[in-house]
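What follows is a set of notes on a single structure, which appears directly below.
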Number of protein chains: 2
Amino acid sequence: MATQTRDLLVAAAAKLLDSGGPAAVTLRDVGKVAGVSHNAPYKHFANKEELLAAVASRELTRQGKNLGDIGARGGRPVDQLRAMMRGYVRWATAHPERFKLTFGRWDRGTDELADAASTASANLSDLIVKAQAAGELPEGNPDHLAGLILSLAHGAADRAIGGHLSAKGKGKTNPEDIVDVLFVTLTRAAKR
Amino acid sequence: MATQTRDLLVAAAAKLLDSGGPAAVTLRDVGKVAGVSHNAPYKHFANKEELLAAVASRELTRQGKNLGDIGARGGRPVDQLRAMMRGYVRWATAHPERFKLTFGRWDRGTDELADAASTASANLSDLIVKAQAAGELPEGNPDHLAGLILSLAHGAADRAIGGHLSAKGKGKTNPEDIVDVLFVTLTRAAKR
DNA sequence: ACCTGAACACCGTTCAAGT
DNA sequence: ACCTGAACACCGTTCAAGT
């Protein structure tokens, strides 16, 4: 098993990331958790940034599978879309550090990341076009609609993580509710 | 001028933050830029985190004034709302590091932060209620609508900063366009 | 009251070896 | 090919003084 150490390092980094954010992912602790020396990671990754990129890549691939599973279950296109966005915000609030890591400039993005993102984006566009054809979503540029839906899910998740969702009194709004509000609005706008 | 050094430190921290994120805000460089020793900041702030909180507070106050100015210009409530959200995403993409700092868990949030956020939120709710009364926005819980609008603006800005907005080919969507898409949809849903 | 310089523990990274 | 231990520069923070 040539790549076993590499996988152990990525798993250790993910665990430390969950426990205390990127600052808690010290190479020394990664090595300790993985059972190697504090600079064994340098034999598998150029630096700490690339180790974190590997964690992000693993997470994005898993998340892509989740969305694919929801799509495989079938149903009305608009219901699939809503289920996907609900799953997305649920994942984000359950693993805030992984969510924040996955988004956040992967400039020269290791290809793997770009691939996972582009296939997910393509699936989404297909669903939107189908939903529009079925009259479940308003007409207009599908890319604009995709931007609207993804941005809303992303923003609701990020605001929930930051604690900016229940601003006023007792309104303990959760991000899934906001996703629902968007889809209610879209449905209403569709059958104008 | 008793507080002059404090202001210099906050300004220096903001400058370093813009240039390279929180990691670039080293106490040593802050001191150098402000013309004091590398641990003079400890006479004004308990630690680096509180110094950054002061930067966030300054930024949030300024941003609150911006929104207030837009409201003071008058016009249809829904147009004021859209202008505010456009200004918000414009600010976020122009100063990504300040934007990311301002949102990001200010748990025991120095009061100052909480105050600025709650007045901004109250102004927003007022506008939404007025817009609904004028038939410019769909009916329903105003807090839900506020969550939808703020989450969308936040998400569009964050995705633009992360470079996740022009996913596919040449579609160079910008966050202000996405804000417009939301308001078009809301308008259409209002006059169902 | 505000500031400085030395010192400490910690971290990312590099290097010379080890098998 | 993969790993280790020592070493270096850097950073946040503390402490004992200085004015």
Side-chain angles (χ1 to χ4, degrees), chain A residues 1-58 97-98 100-102 104-110, chain B residues 1-58 97-98 100-102 104-110:
Chain A
M1 299 296 171
T3 59
Q4 190 158 3
T5 301
R6 191 194 137 100
D7 291 343
L8 284 173
L9 290 169
V10 173
K15 182 183 227 172
L16 291 166
L17 180 73
D18 283 339
S19 76
V25 185
T26 69
L27 277 301
R28 283 164 173 81
D29 281 350
V30 168
K32 203 170 295 178
V33 172
V36 294
S37 80
H38 77 282
N39 49 19
Y42 284 97
K43 307 304 159 182
H44 300 269
F45 305 96
N47 47 37
K48 176 177 173 175
E49 192 183 349
E50 283 206 9
L51 172 59
L52 288 176
V55 176
S57 176
R58 189 187 73 154
E97 294 298 342
R98 300 185 195 181
K100 280 191 277 189
L101 176 69
T102 305
R105 304 225 128 287
W106 15 290
D107 297 321
R108 328 152 285 290
T110 50
Chain B
M1 299 295 171
T3 60
Q4 189 157 6
T5 301
R6 191 193 138 99
D7 291 343
L8 284 173
L9 290 169
V10 173
K15 182 182 227 171
L16 291 166
L17 180 74
D18 284 340
S19 76
V25 185
T26 69
L27 278 300
R28 283 164 173 81
D29 280 350
V30 167
K32 203 171 294 179
V33 171
V36 293
S37 81
H38 76 284
N39 49 19
Y42 285 97
K43 307 304 159 183
H44 300 269
F45 306 96
N47 47 36
K48 177 176 172 175
E49 193 183 348
E50 283 206 9
L51 171 59
L52 288 175
V55 175
S57 176
R58 188 186 74 155
E97 294 297 343
R98 300 185 196 182
K100 280 191 277 189
L101 176 70
T102 305
R105 305 222 128 286
W106 14 291
D107 298 319
R108 326 151 286 288
T110 49

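Below, chain A is the first sequence line, B the second, and so on; all start at residue 1. Computed from a predicted structure; not experimentally measured.
- The backbone N or O of A:Arg98 sits less than 3.5 Å from a side-chain atom of A:Thr102, completing a donor-acceptor pair.
- Judged by distance alone, with hydrogens and angles left aside, the side-chain atoms of B:Lys48 form a donor-acceptor pair with the main-chain N or O of B:Val25 at under 3.5 Å.
- The two residues B:Val10 and B:Arg58 make their nearest non-hydrogen contact at CG1-CD, 4.1 Å.
- For DNA chain D, each stem of at least three Watson-Crick or G-U pairs (distances under 3.5 Å) is given as range with range: C:4-8 with D:12-16, C:12-16 with D:4-8.
- Counting heavy atoms from C-beta on, the side chains of A:Leu52 and A:Phe45 never come closer than 4.5 Å.
- Between A:Arg6 atom CZ and D:dA1 atom P the separation is 17 Å, expressed in whole Å.
- In this structure, the side chains of A:Leu27 and A:Asn39 stay at 4.5 Å or more apart for every pair of heavy atoms.
- In this structure, A:His44 places its NE2 atom 13 Å from C1' of D:dT4, rounding to the nearest Å.
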Output one line per pair: protein atom, nucleotide atom from nucleotides 14-19 of chain C, and distance, for all N/O pairs under 3.5 Å.
| from | atom 1 | to | atom 2 | distance (Å) |
| --- | --- | --- | --- | --- |
| C:dT14 | O4 | A:Asn39 | ND2 | 2.7 |

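- Residue A:Pro41 comes nearest to A:Val30 through the heavy atom pair CG-CG1, 4.5 Å, listed as atom of the first residue, atom of the second, then distance.
- At least one side-chain heavy atom of A:Leu9 sits less than 4.5 Å from a side-chain heavy atom of A:His44.
- Nearest nucleotide to the B:Asn47 side chain, out of D:dT13, C:dT13, C:dC2: D:dT13.
- For C:dC3, one of the phosphate oxygens OP1 or OP2 lies less than 4.0 angstrom from a side-chain nitrogen or oxygen of B:Thr5.
- The nearest pair of heavy atoms linking A:Ala24 to A:Asp29 is O-OD2, 4.4 Å.
- Contact of the A:Glu97 side chain with the A:Ser19 side chain is not registered, since no non-hydrogen atoms from C-beta on lie closer than 4.5 Å.
- In this structure, the side chains of B:Pro22 and B:Leu101 stay at 4.5 Å or more apart for every pair of heavy atoms.
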Output one line per pair: protein atom, nucleotide atom from nucleotides 9-11 of chain D, and distance, for all N/O pairs under 3.5 Å.
none

